[in-house]
Number of protein chains: 2
Amino acid sequence: MKKSVKKSKLSWEEIAEFCETLTEAEDALTREMVSRISDKWSLWTMSVVADIDEPMRFSRIMEHVEGISQKSLTKTLRGLERDGLITRKVFAEVPPRVEYTITALGSEMLDNVAPLWLWTAKSVQRFQACRAAFDDRGVQPARK
Amino acid sequence: MKKSVKKSKLSWEEIAEFCETLTEAEDALTREMVSRISDKWSLWTMSVVADIDEPMRFSRIMEHVEGISQKSLTKTLRGLERDGLITRKVFAEVPPRVEYTITALGSEMLDNVAPLWLWTAKSVQRFQACRAAFDDRGVQPARK
DNA sequence: TTCATTAGTTACCTTTAGGTATGTACGGGA
DNA sequence: TCCCGTACATACCTAAAGGTAACTAATGAA
């Protein structure tokens with residue numbers, strides 16, 4: 001056996017319990033922040049800004065986040081700035097220069113997402129197998 | 001200073017490195033699975049199915065996942081079944097009975113999502129503060 | 001014969017994410 | 001005087017998520 005299957009210390013009941021201490025607005029924001037994790041560009045953008053040591057300019061970020069459009073990058077960066085995950089510094093130059101850096105909150109978030117991402121990546125063949133099996137057998141109809 | 005800023009053991013470079021061993025299809029599926037985590041209903045539905053010990057019927061799930069429509073619940077459950085996160089058992093009865101249970105893979109996923117969710121919930125006031133500050137100061141324009 | 005029950009399915013609509021293509025403001029260099 | 005380079009903003013379009021409301025299939029009960 002590869003490893004013993006251990007019940008996690010952290011149950012969802014515990015989480016639900018904690019979430020009930022939150023206001024409705026806080027609960028909604030929690031969901032919003034979690035969904036930011038899996039929107040198409042936010043996490044990738046953050047990791048690009050975080051991984052490279054020098055402050056990153058708009059155009060350099062766009063080179064690294066392959067496939068993103070200007071519009072989406074602008075929107076993504078604004079959202080990340082608003083939530084305190086990155087900082088945006090404008091220099092009064094021509095042509096304009098804007099530098100982005102990760103914040104402490106941002107890298108804390110990345111640290112918390114990382115294990116989940118890695119687990120998902122390492123489990124991907126299992127998911128593939130389940131999908132293949134499902135697509136083979138089809139859906140069992142609810143009526144005879 | 002509140003706490004020393006510590007580099008996490010699990011860097012994104014490490015993750016990127018691992019992800020490069022994946023095929024393109026596997027990489028795409030990884031992203032898809034991560035985004036499942038934050039779609040509107042999947043995680044909530046999973047946690048409902050997981051937290052209650054008895055197998056759950058369609059209508060009982062719908063009672064617990066407040067606000068979900070029949071259509072969305074059906075779609076969500078199908079997706080979860082396809083990915084091997086829950087099982088669906090149809091009984092040849094009238095009126096129909098269908099029971100859903102969490103799989104080992106499903107609860108493993110929940111276990112991996114839990115810490116992130118809890119961290120997010122516990123950080124929510126910080127996010128709120130950042131947003132408030134941003135909305136106060138407005139966006140710094142890139143040109144003078 | 002008609003009804004109630006369960007787990008859907010289907011048609012239709014609105015909202016949102018995200019793409020492409022184009023416009024813009026500024027000043028330095030040719 | 002006109003073009004270059006940067007970091008956007010804006011208009012327009014498409015696809016997909018997700019909501020509501022109505023329909024369905026089978027059968028035991030009234």
Side-chain angles (χ1 to χ4, degrees), chain A residues 28 31-45 48-49 54-82 86-101 138-144, chain B residues 28 31-45 48-49 54-82 86-101 138-144:
Chain A
R31 289 171 199 284
E32 204 178 326
M33 293 310 298
V34 172
S35 66
R36 148 141 301 145
I37 287 161
S38 73
D39 84 0
K40 199 171 175 186
W41 303 116
S42 288
L43 204 61
W44 193 355
T45 303
V48 162
V49 173
E54 35 182 313
M56 291 286 281
R57 296 182 64 168
F58 186 89
S59 47
R60 305 242 323 114
I61 298 173
M62 222 173 111
E63 288 165 21
H64 283 81
V65 184
E66 283 171 54
I68 197 170
S69 66
Q70 278 192 344
K71 181 187 150 190
S72 294
L73 183 52
T74 302
K75 197 189 166 194
T76 301
L77 290 168
R78 281 302 141 76
L80 294 174
E81 185 196 4
R82 185 159 106 102
I86 60 172
T87 55
R88 174 170 175 275
K89 182 163 188 192
V90 177
F91 295 84
E93 299 174 3
V94 167
R97 179 160 60 107
V98 179
E99 287 183 351
Y100 295 91
T101 47
V139 193
Q140 181 91 335
R143 297 183 289 267
K144 299 186 217 175
Chain B
R31 288 171 199 284
E32 204 178 325
M33 293 310 298
V34 172
S35 66
R36 150 141 299 149
I37 287 161
S38 75
D39 84 359
K40 198 170 177 187
W41 302 116
S42 288
L43 203 63
W44 193 355
T45 303
V48 162
V49 173
E54 34 181 317
M56 291 286 281
R57 298 183 64 167
F58 186 89
S59 48
R60 306 243 321 117
I61 297 173
M62 223 175 110
E63 287 165 20
H64 282 81
V65 183
E66 281 172 54
I68 198 170
S69 65
Q70 277 192 342
K71 182 188 150 189
S72 295
L73 182 53
T74 301
K75 197 187 166 195
T76 301
L77 289 168
R78 280 304 139 75
L80 295 174
E81 185 196 4
R82 185 158 107 102
I86 61 173
T87 55
R88 173 170 175 275
K89 183 165 187 191
V90 177
F91 293 84
E93 298 175 3
V94 168
R97 180 159 59 108
V98 179
E99 287 183 351
Y100 295 91
T101 47
V139 193
Q140 182 91 334
R143 299 182 290 266
K144 301 185 219 177

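As the structure is a prediction and not an experimental result, all values here were calculated from the model. So you know, we letter chains A, B, ... as the sequences are listed, proteins then strands, and number each from 1. The basis for the numbers below is simple: all heavy atoms, side chains too, and nothing from hydrogens, waters or symmetry mates.
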Colleague: How many Å lie between CZ on R36(B) and P on dA17(D), as a whole number?
Modeller: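 In whole Å, dA17(D) P lies 11 Å from R36(B) CZ.
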
Colleague: Quick one: R78(B) CZ to dT10(C) C1', roughly how many Å, whole number?
Modeller: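 So the CZ-C1' distance, R78(B) to dT10(C), works out to 14 Å.
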
Colleague: Minimum heavy-atom separation for I68(B) to T45(B), with atom names?
Modeller: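 That would be CD1-OG1, 4.4 Å.
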
Colleague: Choose from dT5(C), dA7(C), dT6(D) the nucleotide whose nearest atom is closest to any side-chain atom of S59(B).
Modeller: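 It is dA7(C).
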
Colleague: Could I get a table of every N or O pair under 3.5 Å where one atom is in the protein and the other is in nucleotides 15-18 of chain C?
Modeller:
unit_1	atom_1	unit_2	atom_2	d
dG18(C)	OP1	K40(A)	N	3.4
dG18(C)	N7	K71(A)	NZ	3.4

Colleague: If you apply the rule side-chain contact (heavy atoms from CB on, under 4.5 Å), what do you find for W44(B) with E66(B), and how did you get there?
Modeller: CA-CA 10 Å; W44(B) 193 355; E66(B) 281 172 54; 4.1 Å; yes

Colleague: Report yes if a side-chain nitrogen or oxygen of R57(A) is closer than 4.0 Å to either non-bridging phosphate oxygen (OP1 or OP2) of dA7(D); otherwise report no.
Modeller: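 For R57(A), the contact criterion (side-chain N or O under 4.0 Å from OP1 or OP2 of dA7(D)) is met.
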
Colleague: State the CD1-OG1 distance between I61(B) and T76(B), to the nearest 0.5 angstrom.
Modeller: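 It is 10.0 Å, given to the nearest 0.5 Å.
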
Colleague: Atom NZ of K89(A) and atom CD of Q140(B): how far apart are they, to the nearest 0.5 Å?
Modeller: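 Output value for this atom pair is 10.5 Å.
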
Colleague: Measure from CZ on F58(B) to C1' on dT9(C) and round the result to the nearest Å.
Modeller: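 From F58(B) CZ to dT9(C) C1': 11 Å.
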
Colleague: Using a 4.0 Å heavy-atom cut-off, does R88(B) contact any base of the nucleic acid, only the sugar-phosphate backbone, or nothing at all?
Modeller: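 Answer is sugar-phosphate: R88(B) comes under 4.0 Å of backbone atoms only.
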
Colleague: Starting from P on dA7(D), measure out to CZ on R97(A) and report it in whole angstrom.
Modeller: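 Result: 9 Å.
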
Colleague: For the atom pair CG (L80(A)) and OG1 (T87(A)), what is the distance rounded to the nearest 0.5 Å?
Modeller: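 Between atom CG of L80(A) and atom OG1 of T87(A) there are 11.0 Å.
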
Colleague: Rounded to the nearest 0.5 Å, how far apart are CZ of R82(A) and CZ of R88(A)?
Modeller: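 So the gap between those two atoms works out to 14.5 Å.
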
Colleague: Could you pull out the closest heavy-atom pair between E99(A) and P55(A), with the gap in Å?
Modeller: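 Minimum heavy-atom contact is OE1-CB, 3.5 Å.
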
Colleague: Between Q70(A) (CD) and dC8(D) (P), how many Å, whole number?
Modeller: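 Rounded to the whole Å, the gap is 9 Å.
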
Colleague: Could you tell me the separation between the CZ atom of F91(B) and the P atom of dT5(C), rounded to a whole number of Å?
Modeller: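 The answer, rounded to whole Å, is 21 Å.
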
Colleague: Rounded to the Å, how far apart are E32(B) CD and dA16(D) P?
Modeller: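 It is 12 Å, rounded to the nearest whole Å.
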
Colleague: Rounded at 0.5 Å granularity, tell me how far CG in L73(A) sits from CZ in R78(A).
Modeller: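 Output value for this atom pair is 10.0 Å.
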
Colleague: dA7(C), OP1 or OP2 - any side-chain N/O from T74(B) closer than 4.0 Å?
Modeller: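 So the side-chain polar atoms of T74(B) never come under 4.0 Å of the phosphate oxygens OP1 or OP2 of dA7(C).
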
Colleague: Would you work out how much the helix from dT1(C)-dA30(D) to dA30(C)-dT1(D) bends between its ends, with each end axis defined by five base pairs, to 10 degrees?
Modeller: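 The two end axes of the helix from dT1(C)-dA30(D) to dA30(C)-dT1(D) meet at 40°.
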
Colleague: Would you compute the distance between atom CE of M56(B) and atom CD of E54(B) and round it to the nearest 0.5 angstrom?
Modeller: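 One finds 7.0 Å between CE of M56(B) and CD of E54(B).
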
Colleague: Taking only N and O in the side chain of Y100(B), is any of them less than 4.0 Å away from OP1 or OP2 of dG8(C)?
Modeller: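 The answer is yes; a side-chain N or O of Y100(B) sits under 4.0 Å from OP1 or OP2.
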
Colleague: Please give, in whole Å, the distance from dT6(D) C1' to L73(A) CG?
Modeller: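 After rounding, the gap between these two atoms is 13 Å.
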
